[in-house]
Amino acid sequence: SRVVAARKLQRRRERDQSGLFLVEGPQVVREALAAGAVTELFVEAGRDHGALVASAGGVHVRTVNAAGLAALAETVTPQGVVAVARHRHVSLAAALARKPRLAVVLAGIADPGNAGTVLRTADAAGAGVVVFPDGSVDPYNGKCVRASAGSLFHVDLVRGGTAEEALVALRSAAFTILAADARGEHDLDELLDTGRLAGPTAWVFGSEAHGLPPEVSELADARVRVPIHGRAESLNLAAAAAVCLYASARALRSE
């Protein structure tokens, strides 16, 4: 019965109603446990996850057979452990109260793998907040959670509202708003060399297929392209985000 109940969390409606989501795989489950977000842990019988179980504290640990674990997992080859975790998003106001220096807004990104990878990159580059406005993928989507590799539990996650509202709030908090755009009028190297990446910065990334909505792009202080020195037409979203965020990380370290 517990497997049946947990499996419902594969659907967004159930996640939204319950305030819970599924976390799959040892790495992400480890980070969820460390964050104190886990309410229930399912471990496949015969798999060696003793260290995870030992770190579970007062969490309910349930041993299930391979079929039970497979019913909860969304991967082709499950790794033998799935957890139920509490939603952990906060308001943008609460996130900004912690004085982050680098922020990310995902405007209209529908692919969960891309969104999770950008979230992981943002964490690695030192971003303090990542915003998933309405119209973007659910950050608690299973593929997005797995692609984040645990970074979902490291940064302040903001969910809901419009991208425009998020950008207005960030500008009010003295952030420079930069929109990643393959046809942007500003070159990333130029901004780095001239010191325009210093100071609190919010990067806005849009859909790989459709780019940023015009109403979002217009709110940016600059539309920035990643320079292409070879013959490639462009970079994919995750690669472009990594280049932009690490350029900002470098600038912020040199302040």
Side-chain angles (χ1 to χ4, degrees), residues 92 95-96 99-111 113-133 135-137 147-149 151 154-156 158 163-164 166-255:
L92 183 54
L96 292 176
K99 305 296 183 184
R101 303 283 287 165
L102 185 59
V104 173
V105 178
L106 305 181
I109 296 179
D111 183 272
N114 270 341
T117 301
V118 174
L119 175 55
R120 180 180 183 179
T121 303
D123 176 26
V129 55
V130 178
V131 183
F132 284 74
S136 289
V137 67
S148 81
S151 289
H154 299 164
V155 302
D156 278 337
V158 176
E164 296 94 318
L167 296 183
V168 169
L170 285 160
R171 176 171 284 113
S172 296
F175 278 75
T176 297
I177 310 299
L178 300 179
D181 186 337
R183 293 175 294 278
E185 62 270 25
H186 295 278
D187 182 283
L188 179 64
D189 287 346
E190 165 206 329
L191 266 61
L192 185 60
D193 292 342
T194 58
R196 290 188 64 188
L197 294 183
T201 301
W203 280 97
V204 192
F205 301 105
S207 160
E208 189 166 307
H210 306 293
L212 285 168
E215 61 273 18
V216 174
S217 183
E218 288 168 3
L219 289 173
D221 295 302
R223 286 169 287 278
V224 186
R225 66 184 184 276
V226 175
I228 301 294
H229 302 296
R231 297 174 62 189
E233 178 188 6
S234 62
L235 294 174
N236 67 23
L237 171 63
V243 173
C244 294
L245 290 169
Y246 269 89
S248 280
R250 177 182 173 187
L252 290 170
R253 282 201 314 275
S254 64
E255 281 187 300

Original post:
Measuring from Leu252:CG to Leu197:CG, what's the distance to the nearest 0.5 Å?
Top reply: 8.0 Å

Can you see which heavy atom on [X] is nearest to which on [Y], and at what distance?
{"X": "Leu96", "Y": "Ala173", "result": "CD1-CB, 4.0 Å"}
{"X": "Ala222", "Y": "His186", "result": "CB-CD2, 3.6 Å"}
{"X": "Ala163", "Y": "Pro133", "result": "N-CB, 3.6 Å"}
{"X": "Ala182", "Y": "Arg225", "result": "O-CB, 3.7 Å"}
{"X": "Ala166", "Y": "Val131", "result": "CB-CG1, 4.1 Å"}
{"X": "Ala198", "Y": "Ala251", "result": "N-CB, 4.1 Å"}

Subject >> Ser248: side chain to side chain donor-acceptor pair (under 3.5 Å) partners, not counting sequence neighbours >> reply: Trp203

Original post:
What residues, two or more places apart in sequence or in another chain, satisfy salt bridge (Lys or Arg N to Asp or Glu O under 4.0 Å) together with Asp193?
Top reply: none

**OP:** State which residues pass side chain to side chain contact (heavy atoms under 4.5 Å, CB included) with Ala202; sequence neighbours excluded, sorted by chain then number.
**Re:** Ala103, Leu170, Phe175, Ile177

Original post:
What pairs of residues pass the side chain to side chain donor-acceptor pair (under 3.5 Å) test when at least one of them lies in residues 169-178, not counting sequence neighbours?
Top reply: Arg171-Asp221

Subject >> Residue pairs, two or more places apart or on separate chains, that pass side chain to side chain donor-acceptor pair (under 3.5 Å) and touch residues 228-244 >> reply: none

Answer whether the closest heavy-atom distance between the side chains of [X] and [Y] falls below 4.5 Å.
{"X": "Val204", "Y": "Leu212", "result": "yes"}
{"X": "Asp111", "Y": "Leu237", "result": "no"}
{"X": "Leu188", "Y": "Pro227", "result": "yes"}
{"X": "Leu191", "Y": "Leu178", "result": "yes"}

Subject >> Worked check of side chain to side chain contact (heavy atoms under 4.5 Å, CB included) between Cys244 and Val226 >> reply: CA-CA 7 Å; Cys244 294; Val226 175; 3.8 Å; yes

**OP:** From the options Asp156, Thr201, Val129, select the one residue that forms a side chain to side chain contact (heavy atoms under 4.5 Å, CB included) with Pro100.
**Re:** Val129

Subject >> The single option from Val104, Val130, Val105, Leu92 passing side chain to side chain contact (heavy atoms under 4.5 Å, CB included) against Val158 >> reply: Leu92

Subject >> Any pair counted as salt bridge (charged side-chain N to carboxylate O under 4.0 Å, His left out), so long as it reaches residues 173-190, sequence neighbours left out >> reply: Glu185-Arg223

Side-chain atoms of residues 114-128: list all donor-acceptor pairs with protein atoms under 3.5 Å, sequence neighbours left out, distances to 0.1 Å.
from	atom 1	to	atom 2	distance (Å)
Asn114	ND2	Glu208	OE1	3.4
Thr117	OG1	Gly113	O	2.8
Thr121	OG1	Thr117	O	2.9
Asp123	OD2	Ser151	OG	2.6
Asp123	OD2	His154	ND1	2.7

